[in-house]
Amino acid sequence: MAKDSLVKGTFILAMAALVARALGVVQRVPLVILLGDIGMAAYGTAFNIYSMLLVVATAGIPSALSKMISERTTLGLHAEANRIYRAALLFAAAAGLVMTLFLFIIAPYYSNSIINPQASLPIRALAPALLLFPMIAIMRGYFQGRRMMMPNGLSQIIEQLFRVVTSVGLAYVLLAHSMDWAIAGASFGGVIGSVAAAAVMLYYAIKLRRSDRAEGLLPSSADSKGSLAADPNEASREGVRRSTLSFKIIYAQLFKISIPIVIFSLTVTLIYTIDSSIVTLLLKDQVGEVQAKEILGILLGRAQSLAGIPIILAVALSQSVVPIISSAYSQKDMKQVSQQTGKVLQLSILTGLPAVLIICLAAGPINDFIFGNDKGSAIVDAYAAPIIVFLTVSTIFQIVMQTSGAVLMGMGKMRVLMLSVAAGIVLKLVGSYVLAPWFGIYGIIAATCLCFVLMTIMNLQVLRKEVPFRVLGSRRWVGMGITTVVMVIAGVLLDRLTSSYVVPFGSLRGDAFIQAVIISAVVGGLYPLLLMITRTLSVADLQQLPRPIQRIIGKVAPRLLKSNKESGSN
């Protein structure tokens, strides 16, 4: 089982996450039809509180484990790495049981406190997923530390496939019983998904164990009484002996690293949970309780699912770069740290921006095609597209925050992460309560954006002090700005033209599909062309991309690619 490079590992995770996210969006379409936006508010509330407790249940250990496993396998300390892995699995099993019981018990109290009693049953239906997902997360962290991303990617896809089929199927069947049971059935799909993901991870764990034993990385019976070498120089000789490192020491090291990580990892989930908890409370006096719940359903069921697409590559980059930075930093290879920092930030911006722009510029037709408005709600017509646009814009800052935080995580700069998260959450809470009376739901989303901006600034300031890096350079930032302006102008004009003249079917979803395809294709196609015309994207940048993407670019724009190459060599 070979290790993956930053680009290959990122490509695997990004493609898997993209497929999983696409399946998740596909899942929302029939659920919105079956449950409606008010039903989706209850479903989304259950999913957000579950997601937050899942991060707490794993206590940030997957990322901490990835860092610790990467450092020890780099030094050849395989026995110690395996013992840390076993300790983490034991913690995950215990934490999963505790969190499952906790979520099941608090469900009715939490639901009543946010004026959404309908969320109680779906929260309880989803609770059993916490039995398995902490262990799945630990196994993913271990494979990530070994720089093997295929198990993680495949398990995400299988998990989502089973989740989608079960969620939609149960929602459809149970709707005949009641709406509450239909929402609970949709939530229970997460439990079935956890079983499927666990099966995939178990298969790869057995496969890796056989591979390690064949390579002599696991202890033999003759080494059962051996001890771990204290000197890293002896690692190659002693690294396969049984480690005598106590679980007490392991947990102390894990939690020292993982507590700041869990706080950082909770940021987005916590922000979304805050929204699901306060939106109805803050808006009910302005628009009424029922309409406030419908707006919440739009935010949770539509906007959050679409706004999660641009962040996919940033998450994949973050997962891939942590073990690489940890390995280089542990060997004091600051040149490698500097190169990887610049590369990961550049890749995240270059790949995240077009996704943000496409979703924002085609928000109207994308929403109409995917989710529609079958109930003819005036609230959906008025709020859906603008909420999607506002929330998606904030993700460009979330992308930089995520990747810069991952680099700091790999370098062990945990205190900075804790401070930035604390400052961001405070700004989010204060901003929401201050801006909501003036701007309604858009004030709450603006507070989310300000939170990400503040965290991004704090992360980058610390990174600049620790290691020199270059993302694009002043000249290429100008090119990026020109590219963005041209794309926005083209997208706005296309949106107006297609909405007025491209209506071949006379139906909402059919016409919206054609309009979304036109806007997405033109705006998406303009992006790489404008980057090469403005010399923002160089041949060196293209050579860092996976080979399939290089071949596509070479076929689509061979002349521009050749011109860009000649310009770069002069």
Is there side-chain contact between [X] and [Y], with at least one heavy-atom pair below 4.5 Å?
X	Y	answer
Leu121	Trp181	yes
Met411	Leu463	yes
Met455	Ser404	no

### Pairing of Glu159 and Arg140 as salt bridge, 4.0 angstrom limit
yes
### Message
Over 60° means perpendicular and under 30° means parallel, so tell me whether Phe143 and Tyr204 are parallel, tilted or perpendicular.
### Response
perpendicular
Can you check whether [Y]'s main-chain N or O pairs, donor with acceptor, with [X]'s side chain at less than 3.5 Å?
X	Y	value
Ser155	Asn152	yes
Ser276	Thr45	no
Thr166	Gly189	no
Ser194	Phe133	no
Ser348	Leu345	yes

#### Entry: Test log, rule side chain to side chain contact (heavy atoms under 4.5 Å, CB included), inputs Cys451 and Ile271
CA-CA 9 Å; Cys451 167; Ile271 287 172; 3.4 Å; yes
Output the distance between atom [atom1] ([X]) and atom [atom2] ([Y]), rounded to the nearest 0.5 Å.
X	Y	atom1	atom2	result
Leu202	Lys207	CG	NZ	13.5 Å
Tyr203	Leu154	OH	CG	9.5 Å
Thr403	Gln346	OG1	CD	12.0 Å
Ile399	Leu353	CD1	CG	8.0 Å
Thr395	Gln304	OG1	CD	12.0 Å
Tyr85	Met139	OH	CE	4.0 Å

Over all atoms of both residues, closest heavy-atom pair of [X] and [Y]:
X	Y	answer
Ala107	Ile123	CB-CG2, 3.6 Å
Asn459	Ser420	OD1-OG, 3.4 Å
Leu299	Leu391	CD1-CD2, 4.0 Å
Gly96	Thr100	O-OG1, 2.7 Å
Ala184	Ala125	O-CB, 3.4 Å
Ala198	Ile136	N-CD1, 3.6 Å

### Query
Under the side chain to side chain contact (heavy atoms under 4.5 Å, CB included) criterion, do Ile192 and Arg163 qualify, and how do the steps go?
CA-CA 6 Å; Ile192 303 302; Arg163 178 198 292 269; over 6 Å; no
### Task
Evaluate side chain to side chain contact (heavy atoms under 4.5 Å, CB included) for Ile183 paired with Met40, printing each intermediate quantity in order.
CA-CA 8 Å; Ile183 300 170; Met40 288 303 294; over 6 Å; no
#### Entry: Residues Ser432 and Lys428: side-chain donor-acceptor under 3.5 angstrom
yes
### Query
Any luck finding a side-chain donor-acceptor pair between Ser277 and Tyr110 under 3.5 Å?
yes
### Query
Which is it for Tyr142 and Leu208 under the side chain to side chain contact (heavy atoms under 4.5 Å, CB included) test, yes or no, and what are the steps along the way?
CA-CA 11 Å; Tyr142 178 74; Leu208 178 59; 3.5 Å; yes
### Query
Does atom CZ of Phe162 have more than 12 heavy-atom neighbours, drawn from other residues, nucleotides or ligands, at distances under 6.0 Å?
no
